[in-house]
2 protein chains.
Amino acid sequence: MGTREQIVDAANRLFYQQGFEPTSFAAIAEAVGISRGNFYYHFKTKDEILQAVIEARLASTRKMLVEWADGSADPLDRVRRFVEIVITNRGDIESYGCPVGTLTNELAKLDHPSRAHAVGVFELFRTWLREQFEDLGFDAEADDLAMHVLAFSQGIAALSNAFHDSDFVYREVARINTWLTERLASHTSADGAR
Amino acid sequence: MGTREQIVDAANRLFYQQGFEPTSFAAIAEAVGISRGNFYYHFKTKDEILQAVIEARLASTRKMLVEWADGSADPLDRVRRFVEIVITNRGDIESYGCPVGTLTNELAKLDHPSRAHAVGVFELFRTWLREQFEDLGFDAEADDLAMHVLAFSQGIAALSNAFHDSDFVYREVARINTWLTERLASHTSADGAR
DNA sequence: GCCAGGCTAGGACGAATGTCCTAGTGTGCC
DNA sequence: GGCACACTAGGACATTCGTCCTAGCCTGGC
């Protein structure tokens, strides 16, 4: 892995664990094991690193969503796969929260130009989830449902991070899965009644 | 209002709008209109201000919850009163997110000693909500429901902040209100069936 | 074998940070 | 009137920040 990739990788991790603002050039350089001078050769400003990190997150998210789509033919299973990330990543979420939500909020508070760029990760999830609901037969409602599932995950992340409670995460996942089943059942029955 | 109160007030606002770490002593002093030297007379360290701000938030939250409790005799109305804050404060939430969630997460990332103190505000809401559900006849489930409502508000705040979408907030509030009604109806009917 | 150029190291720069000190002002009590 | 003390102003301090410069290394092409 080249130096540039190592820098982006370390910055990605540190931005998540410590936040963007509190993470210094020196901290990233030290994490990679290079000098600050070398650092400057690859990235001229801190904002450049941020953009590269966001770009990397966009790319890895796109890749993940494609894999999820390939992993199951059932759109409902795909949505459930998304829901599960709060369980899969519960350790990190308890320690640092959701990588997407916490970064976008920090950039919002900093009034940072790259805020909109960071929101792009949310948009990927939103669009992907909407497509799943569309595949399940929803039209105008699909985006609303996508946003609800997204909001669910953000709520879990925030409280899991605050209370360090894994049981709560499992309970809420069970709740949303029940909701998904019911929601789909009422939709298909309404569809059949047409 | 004394100087100390003005400092806490300005710090409270700036910590919310800019975050704790990026807000400097100088910025707070300038907002109040005093010198940094004067500042030091009232607060020796930045952590002291943070503690005072958290203390102020705890106090104002307690006061608000008592007022809500006094404002309505119906526990369900009280819960709805809580749910409404995402509408009442939607402007600030769109710009800066939830004051409680964003601070606790920032302190978590900073591994700050006051993190647990800040979580206290969440605990106030959680306890208060649990009591409302207990008044509605729930026992062991009351805390779970309280956490769900809390998670709902956090999810809304995160996405409202990311997408700047007021309509989404209204839709989700309608959704949770429907859920509350149904949840209560199924509970009382089950209760009557005992 | 050597030379060009991608890459690296280490330090310098001004600005800003949290912290601290000291001199001074005002007001209330004797 | 004078003294004590709560309060204020302004600057000094070391450190760290993002940024930038320059000197050197190392490898590939001729």
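For clarity, every value in this text was computed on a predicted model and none was experimentally measured. Chain letters run A, B, ... following the sequence lines, proteins first and then strands; every chain starts at 1.
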Closer than 4.0 Å, any side-chain N/O of [X] to the OP1 or OP2 of [N]?
{"X": "B:H42", "N": "D:dT8", "value": "yes"}
{"X": "A:S35", "N": "C:dG11", "value": "no"}
{"X": "A:T3", "N": "C:dT8", "value": "yes"}

Select one nucleotide: of C:dG6, C:dA9, C:dG18, the one nearest the side-chain heavy atoms of A:Y41.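 Among the listed nucleotides, the one closest to the side chain of A:Y41 is C:dG6.
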With the threshold set at 4.0 Å, does a side-chain nitrogen-carboxylate oxygen contact exist between [X] and [Y]?
{"X": "B:R175", "Y": "B:E172", "value": "yes"}
{"X": "B:D9", "Y": "B:R13", "value": "yes"}
{"X": "A:R130", "Y": "A:E134", "value": "yes"}

With five pairs defining each end axis, the helix from C:dG1-D:dC30 to C:dC30-D:dG1 comes out bent, to 10°, by 10°
Just the rounded figure in Å: distance from [atom2] of [N] to [atom1] of [X].
{"X": "A:E48", "N": "D:dG18", "atom1": "CD", "atom2": "P", "answer": "14 Å"}
{"X": "B:E21", "N": "D:dC17", "atom1": "CD", "atom2": "C1'", "answer": "11 Å"}
{"X": "A:F39", "N": "C:dG11", "atom1": "CZ", "atom2": "C1'", "answer": "17 Å"}
{"X": "A:D47", "N": "D:dC17", "atom1": "CG", "atom2": "P", "answer": "17 Å"}
{"X": "A:F20", "N": "D:dC17", "atom1": "CZ", "atom2": "P", "answer": "14 Å"}
{"X": "A:R4", "N": "C:dG6", "atom1": "CZ", "atom2": "P", "answer": "15 Å"}
{"X": "A:F25", "N": "C:dG14", "atom1": "CZ", "atom2": "P", "answer": "19 Å"}
{"X": "B:I28", "N": "C:dT17", "atom1": "CD1", "atom2": "P", "answer": "11 Å"}

Can you check whether B:Y41 reaches B:I34 side chain to side chain, under 4.5 Å on heavy atoms? no
Would you tabulate the nitrogen or oxygen pairs shorter than 3.5 Å linking the protein to nucleotides 20-23 of chain D?
{"residue": "D:dC20", "atom": "OP2", "partner": "A:Y40", "partner atom": "OH", "Å": "3.3"}

Decide if atom CD of B:E30 counts as having more than 12 heavy atoms of other residues, nucleotides or ligands within a radius under 6.0 Å. no
When you compare the side chains of [X] and [Y], does any donor N or O come within less than 3.5 Å of an acceptor on the partner?
{"X": "A:S166", "Y": "A:E94", "value": "yes"}
{"X": "B:H117", "Y": "B:E55", "value": "yes"}
{"X": "A:R80", "Y": "A:T181", "value": "yes"}

Considering all heavy atoms of both residues, which atom of B:A31 and which atom of B:L14 are nearest to each other, and what is their separation?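 Minimum heavy-atom contact is CB-CD1, 4.1 Å.
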